[in-house]
Amino acid sequence: MVEGPNGPMYTRSGTFQPNRLGQVVTPEGFALLDAQGRQITLPPDAVDVSVLDDGSVNADGLTVGRVAVAQFDDPSQLSRIGTSVFQPTAGVEPNLIPADIRSGYREMSNASHISEMVQLISGYRHFEAAQRALRALDESIASRTSPRSG
């Protein structure tokens, strides 16, 4: 959960960094929030910052906040704001769920390179077959309408 200009917004991106004020923010500058809607801010002299599996943000061994993780019953009621931030439509509330965070990992794509390549080749072959059929039909029509020599 991140702080947007018109209330909380939500992101699947786990890329955060501290800004000049020590607030933990997204690349777009939206502040990371805890379950109570407070910004998570690091002490100015923090050296060792870590995020635990339960969402606790620790700076030099002290917990400075806990990442709020939300889930929506109907994700289609979210509007995309920018590249990786979403805002719910009016009246839609998230369910705050226990955090299950894997710090230092990146979420994999939900696409399979192999199956996408197979679909691309299959689509290309269908296109070629349709193109050959149209060419044969065009030649057939042309041969019927051309004047006969004789």
Side-chain angles (χ1 to χ4, degrees), residues 1-139 141:
M1 189 163 69
V2 296
E3 184 175 53
N6 300 318
M9 298 191 309
Y10 304 88
T11 182
R12 287 183 56 102
S13 174
T15 305
F16 299 99
Q17 68 266 346
N19 65 10
R20 60 182 173 77
L21 302 174
Q23 301 163 324
V24 180
V25 297
T26 66
E28 297 89 0
F30 299 120
L32 184 62
L33 300 176
D34 66 11
Q36 287 73 38
R38 297 180 303 237
Q39 294 179 358
I40 297 175
T41 304
L42 303 174
D45 57 347
V47 176
D48 182 30
V49 177
S50 61
V51 180
L52 304 180
D53 291 352
D54 69 352
S56 297
V57 179
N58 293 342
D60 296 331
L62 299 173
T63 301
V64 295
R66 185 174 299 219
V67 177
V69 178
Q71 184 175 17
F72 288 87
D73 293 330
D74 184 5
S76 69
Q77 294 185 335
L78 295 171
S79 301
R80 184 182 296 270
I81 308 292
T83 56
S84 65
V85 180
F86 300 86
Q87 188 166 30
T89 55
V92 175
E93 292 294 325
N95 302 313
L96 292 180
I97 60 173
D100 185 17
I101 295 176
R102 301 291 181 250
S103 183
Y105 290 82
R106 290 206 175 222
E107 186 175 35
M108 291 181 55
S109 170
N110 60 356
S112 164
H113 294 81
I114 294 172
S115 65
E116 294 299 321
M117 198 64 169
V118 167
Q119 287 181 3
L120 179 67
I121 292 169
S122 176
Y124 182 70
R125 287 186 179 160
H126 283 107
F127 172 77
E128 284 181 324
Q131 190 177 29
R132 281 193 301 274
L134 285 173
R135 189 173 296 125
L137 182 61
D138 186 49
E139 290 171 1
I141 290 172

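Values below: every heavy atom of this structure, side chains too, minus hydrogens, waters and symmetry copies.
Thr11 places a side-chain N or O within donor-acceptor distance of the main-chain N or O of Ser84, the cut-off being under 3.5 Å. The main-chain N or O of Val47 is found under 3.5 Å from a side-chain atom of Asp60 such that the two form a donor-acceptor pair. Counting only distance, with no hydrogens or angles, the side chain of Arg125 and the backbone of Glu128 share no donor-acceptor pair below 3.5 Å.
The ring pair (Phe, Tyr, Trp, His ring centres under 6.0 Å) test applied to Tyr10 returns Phe72, not counting sequence neighbours.
Atom CZ of residue Arg132 and atom CG of residue Leu134 lie 11.5 Å apart, to the nearest 0.5 angstrom. Atom CG of residue Leu96 and atom CD of residue Gln36 lie 9.0 Å apart, to the nearest 0.5 angstrom. Rounding to the nearest 0.5 angstrom, the gap separating the CD1 atom in Ile121 from the CD atom in Gln119 is 11.0 Å. Residue Glu3 holds its CD atom at 11.0 Å from OG1 of Thr26, rounded to the nearest 0.5 Å.
Shown here for Gly4 and Met9, the closest heavy-atom pair between the two residues is CA-CE, 3.7 Å. Pairing each heavy atom of Asp34 with each of Met1, the nearest pair is O-CE, 3.2 Å.
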Apply side-chain contact (heavy atoms from CB on, under 4.5 Å) to Ile101 and Asp53, showing your working. CA-CA 5 Å; Ile101 295 176; Asp53 291 352; 5.8 Å; no

side-chain contact (heavy atoms from CB on, under 4.5 Å) between Val64 and Val49, worked out: CA-CA 10 Å; Val64 295; Val49 177; over 6 Å; no

For the pair Val67 and Leu32, evaluate side-chain contact (heavy atoms from CB on, under 4.5 Å) and give the outcome as yes or no after the intermediate values. CA-CA 7 Å; Val67 177; Leu32 184 62; 3.8 Å; yes

Taking it one step at a time, do Phe86 and Arg80 satisfy side-chain contact (heavy atoms from CB on, under 4.5 Å)? CA-CA 5 Å; Phe86 300 86; Arg80 184 182 296 270; 3.9 Å; yes

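With 3.5 Å as the limit, one finds no donor-acceptor pair spanning the side chains of Gln39 and Thr41. Asp54 and Ser56 share a donor-acceptor pair across their side chains, judged by distance under 3.5 Å alone.
Residue-environment remark: CD1 (Ile114) stays at or below the threshold of 12 foreign heavy atoms within 6.0 Å.
Results of the side-chain contact (heavy atoms from CB on, under 4.5 Å) test with Ser103 over Val57, Val51, Leu52 single out Val51 as the only residue that passes.
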